[in-house]
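The model shown is predicted, which means the values in this text are computed figures rather than measured ones. Note on naming: letters A, B, ... go to the chains in the order of the sequence lines (proteins, then strands), and numbering restarts at 1 for each one.
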Amino acid sequence: MSKKTFYITTPIYYPSGNAHIGHAYSTVAADVIARFKRLVGFDVVFLTGMDEHGQKIELTAKDKKVTPQELVDNISSKFEKLWKILNISNDQFIRTTSNFHKKAVKKIFTLLKSKQKIYKGFYKGWYCTPCEAFWTETQLDENYKCPDCKRDVKLTKDEAYFFKLSEYSDKILQLYEKNKNFIKPASRLNEMINFVENGLEDLCISRTSFSWGIKVPNDEKHVIYVWLDALTNYITALGYMSDNNRKFESYWPADLHIVGKEIVRFHAVIWPAILMALDLPLPKKIFGHGWWLTKDSSKMSKSKGDVIDPAYLCKKYSVDAVRYFLLRQVPFGTDGTFSFEAFFKRLNSDLANDLGNLVFRLISMIERYFQGKLPEQKEAEEKDKILIHSLVSAHKKVAYNIERLSFSLALKEIFKLVTACNKYIDDTAPWKLLENKNKNIRLATILYNLCESLRIISLLLYPFMPDTSCKIRKQLTIDKTINWEDAKRFGLFKASIPITKQEVIFPRIYLEKEKL
RNA sequence: CGCGGAGUGGAGCAGUUUGGUAGCUCAUCGGGCUCAUAACCCGAAGGUCGUAGGUUCGAAUCCUACCUCCGCAACCA
């Protein structure tokens with residue numbers, strides 16, 4: 001029985017500073033897809049990692065008086081810790097400073113060179129001596145000065161290796177034409193078409209101005225510059241160009257590269273060209289998500305420390321609050337504004353008031369009315385049907401929206417169910433039935449239906465909020481096995497297993513108590 | 001004329017492809033309920049849909065002009 005495979009990646013992040021909310025965003029989104037795909041039976045590889053070479057690292061390390069390796073070891077370990085905190089279920093964590101990656105990249109370079117896709121030429125750039133940095137003409141400011149220090153720059157010509165990107169314009173346009181879903185959302189596709197139609201230039205893929213990188217084989221004063229080093233992580237991680245490429249054979253091509261909108265171009269233009277040059281299949285989809293902006297950045301920076309540090313948010317307000325907010329607040333393709341006001345609002349109204357309170361009031365009634373043990377008998381009524389119908393049909397909409405990366409809509413669907421449950425309680429008014437002894441079974445049925453609802457909700461919620469999902473199941477003594485199929489059927493909840501009240505899942509946040 | 005996106009009640013957004021009572025969430029106000037985390041449920045108020053023209057019986061939705069904001073315009077991960 002060979003399961004269908006699914007390979008999903010995040011970008012590899014650049015450890016020149018600490019992880020911020022944008023990193024968390026890409027990674028959490030990828031995690032949701034990975035968890036979902038596993039849940040529906042795919043054999044998933046979920047890759048994330050770090051892009052650890054380059055001049056900026058070299059300079060930062062020098063500044064901090066550590067070696068580049070020490071610098072990246074330190075920062076990368078922080079990223080890894082953050083992924084643990086955020087409950088990221090990645091199968092691999094690649095670092096471009098790993099030996100296996102460096103070896104593979106060298107082989108890729110050599111192969112491309114032998115195929116005559118790489119040649120040696122001259123890189124023209126404007127060099128700023130004090131900054132030790134090269135700039136392209138378009139990067140210079142309006143007076144042709146260094147954009148960093150505003151001082152004079154001088155035109156220099158350096159020997160460098162180039163990749164024949166210019167050969168691929170037509171092929172890439174054909175790719176876009178053939179696969180309309182290659183770049184999502186569609187607005188990004190238009191940008192790329194426009195960009196490629198203007199013609200592609202060959203790509204400079206080596207540098208001599210710094211040394212922190214993979215050496216060019218047989219020409220060691222050159223180091224391989226970002227593209228060939230970073231983008232190829234998606235295949236070297238699977239063992240491409242290694243002694244054991246079994247994983248590569250079974251998982252490549254990637255099903256989905258999740259990237260920030262700022263690097264769509266590299267993934268949608270350069271990466272396919274490199275793969276074409278290597279005669280490898282192309283990834284199926286690139287999704288470029290939006291950015292988190294801060295509306296009132298002055299206020300943010302005034303507060304002590306880096307307040308939008310995702311680890312801090314998780315620690316203070318729970319992982320799932322963060323995961324939920326990021327994916328619920330704005331559509332995945334568009335930019336959003338991060339504000340604590342919005343964060344607290346979401347937390348309070350959706351998570352604490354609607355979901356958390358629902359679990360709490362339900363368990364409270366089960367304890368109070370049945371000493372924590374529901375009888376098995378049932379007495380259904382017409383109004384149950386509406387609730388049940390919306391429950392068993394929800395999985396389709398949720399799955400559909402996750403597949404399209406419309407996380408926000410998927411969550412909306414799930415929370416419609418939560419609202420339906422709260423309404424159902426109000427409509428059936430269990431506390432009134434209590435007065436009438438004959439209504440005991442009906443009362444139990446209502447509570448059963450609610451437990452069952454929460455079983456299904458916990459299942460649908462699992463890819464987004466694994467922690468919360470498990471908490472709900474634990475509180476209602478539902479067994480731990482998470483299986484998407486079980487979201488399609490009503491009636492699997494086992495009555496008569498004792499339930500006792502536990503912690504509140506999402507405590508309410510009181511704005512006035514929060515010091516921002 | 002480089003390409004593209006956006007401008008809708010206090011806030012954030014959907015609706016524009018296939019014109020026909022302007023919808024959602026939050027906030028506000030009123031009511032209900034008491035199982036619950038001052039939570040839950042119901043109802044109300046609030047918008048001439050960037051501006052000005054045009055097409056049409058009828059336009060947020062189509063056309064024209066203009067204004068404002070934003071993204072892309074390659075070696076920045």
Side-chain angles (χ1 to χ4, degrees), chain A residues 11-16 22-23 50-51 53-54 56 123 125 133-139 147 160 162-163 165 185-205 207 225-227 229-231 259-267 269-270 288 290-291 293 295 328-331 333-337 339 341-342 345-346 348-369 408-409 412 415 418-419 421-434 443 446-447 450 501 503-510:
Chain A
I12 48 175
Y13 305 113
Y14 201 61
S16 56
H23 299 122
M50 306 300 296
D51 171 21
H53 291 126
K56 210 190 257 177
Y123 174 71
F134 277 99
W135 305 103
T136 58
E137 196 153 326
T138 48
Q139 283 176 309
F162 285 81
F163 170 65
L165 183 63
S187 54
R188 308 258 166 257
L189 173 64
N190 294 334
E191 284 178 6
M192 287 310 113
I193 291 174
N194 189 243
F195 173 73
V196 179
E197 275 177 346
N198 285 331
L200 297 173
E201 287 171 24
D202 286 347
L203 189 70
C204 176
I205 52 162
R207 287 294 147 91
Y225 181 68
V226 63
W227 324 107
D229 178 4
L231 289 166
V259 299
K261 65 176 185 179
E262 76 282 9
I263 53 173
V264 166
R265 195 173 62 229
F266 312 137
H267 286 78
V269 180
I270 298 174
W291 284 348
L293 313 166
K295 202 177 213 168
R328 173 60 238 265
Q329 189 69 0
V330 287
T334 22
D335 291 348
T337 309
S339 76
E341 287 79 6
K345 234 181 217 173
R346 276 255 102 92
N348 278 344
S349 67
D350 296 0
L351 299 180
N353 295 352
D354 290 350
L355 178 62
N357 183 48
L358 171 64
V359 174
F360 195 79
R361 69 198 294 211
L362 169 61
I363 292 177
S364 176
M365 285 190 275
I366 295 173
E367 271 203 324
R368 193 184 274 228
Y369 304 154
S408 154
L409 293 179
K412 232 181 197 167
F415 275 79
V418 175
T419 301
C421 287
N422 278 320
K423 189 173 163 57
Y424 178 74
I425 295 181
D426 225 73
D427 287 350
T428 54
W431 49 92
K432 279 190 183 150
L433 299 176
L434 199 61
L443 176 57
I446 290 165
L447 299 185
L450 288 163
K501 204 181 252 180
E503 41 146 10
V504 160
I505 300 178
F506 289 105
R508 215 162 194 286
I509 307 288
Y510 294 91

How long is the line joining [atom1] of [X] and [atom2] of [N], in whole Å?
X: A:Arg207; N: B:C75; atom1: CZ; atom2: C1'; value: 6 Å
X: A:Asp426; N: B:A39; atom1: CG; atom2: P; value: 15 Å
X: A:Ile363; N: B:A39; atom1: CD1; atom2: C1'; value: 16 Å

Euclidean distance for [atom1], [N] against [M] (whole angstrom):
N: B:A60; M: B:G53; atom1: P; value: 15 Å
N: B:U28; M: B:C66; atom1: C1'; value: 37 Å
N: B:C69; M: B:A74; atom1: C1'; value: 25 Å
N: B:U18; M: B:U64; atom1: P; value: 15 Å
N: B:G10; M: B:C62; atom1: C1'; value: 32 Å
N: B:C24; M: B:C49; atom1: C1'; value: 15 Å
N: B:G58; M: B:U48; atom1: C1'; value: 15 Å
N: B:G50; M: B:A38; atom1: P; value: 41 Å

Heavy atoms only, 4.0 Å cut-off, all strands: where does [X] land among base, sugar-phosphate and nothing?
X: A:Asp229; value: nothing
X: A:Phe506; value: base
X: A:Arg368; value: sugar-phosphate
X: A:Ile270; value: nothing
X: A:Phe266; value: base
X: A:Phe195; value: base
X: A:Asn357; value: base
X: A:Asp427; value: nothing
X: A:Gly333; value: nothing
X: A:Thr334; value: nothing
X: A:Gln329; value: nothing

Would you confirm whether the ring centroid of A:Phe163 sits within less than 6.0 angstrom of the ring centroid of A:Trp227?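 Ring centres of A:Phe163 and A:Trp227 not closer than 6.0 Å.
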
If I compare all heavy atoms of A:Leu355 with all of A:Phe415, which pair ends up nearest, and what's the gap?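 Taking every non-hydrogen atom into account, CB-CE2, 3.9 Å.
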
Looking at every heavy atom in both A:Thr334 and A:Val330, which two are closest together, and how far apart are they?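 Looking at all heavy atoms of both residues, the shortest contact is O-CG2, 4.3 Å.
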
Approximate separation, where rounding is to 0.5 Å, of A:Phe162 CZ and A:Leu203 CG: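 Rounded to the nearest 0.5 Å, the CZ-CG separation comes to 8.5 Å.
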
Do you see a donor-acceptor pair shorter than 3.5 Å between the side chains of A:Asn422 and A:Arg361?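 Yes, because at least one side-chain N or O of A:Asn422 sits under 3.5 Å from a partner of the opposite role on A:Arg361.
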
When you get a sec, tell me which of B:A74, B:C76, B:A77 is the closest nucleotide to the side chain of A:Tyr123?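 Looking only at side-chain atoms, A:Tyr123 lies closest to B:C76.
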
Among B:U34, B:A74, B:C41, find the nucleotide with the atom closest to the side chain of A:Leu165.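 Selected nucleotide: B:A74.
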
Searching all strands shown, indicate the nucleotide that pairs with [N] (Watson-Crick or G-U wobble; both distances under 3.5 Å).
N: B:C3; value: B:G71
N: B:A65; value: B:U51
N: B:C40; value: B:G32

Please tell me if the side chains of A:Val269 and A:Val264 come closer than 4.5 Å, counting only heavy atoms from C-beta onward.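 They are not in side-chain contact.
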
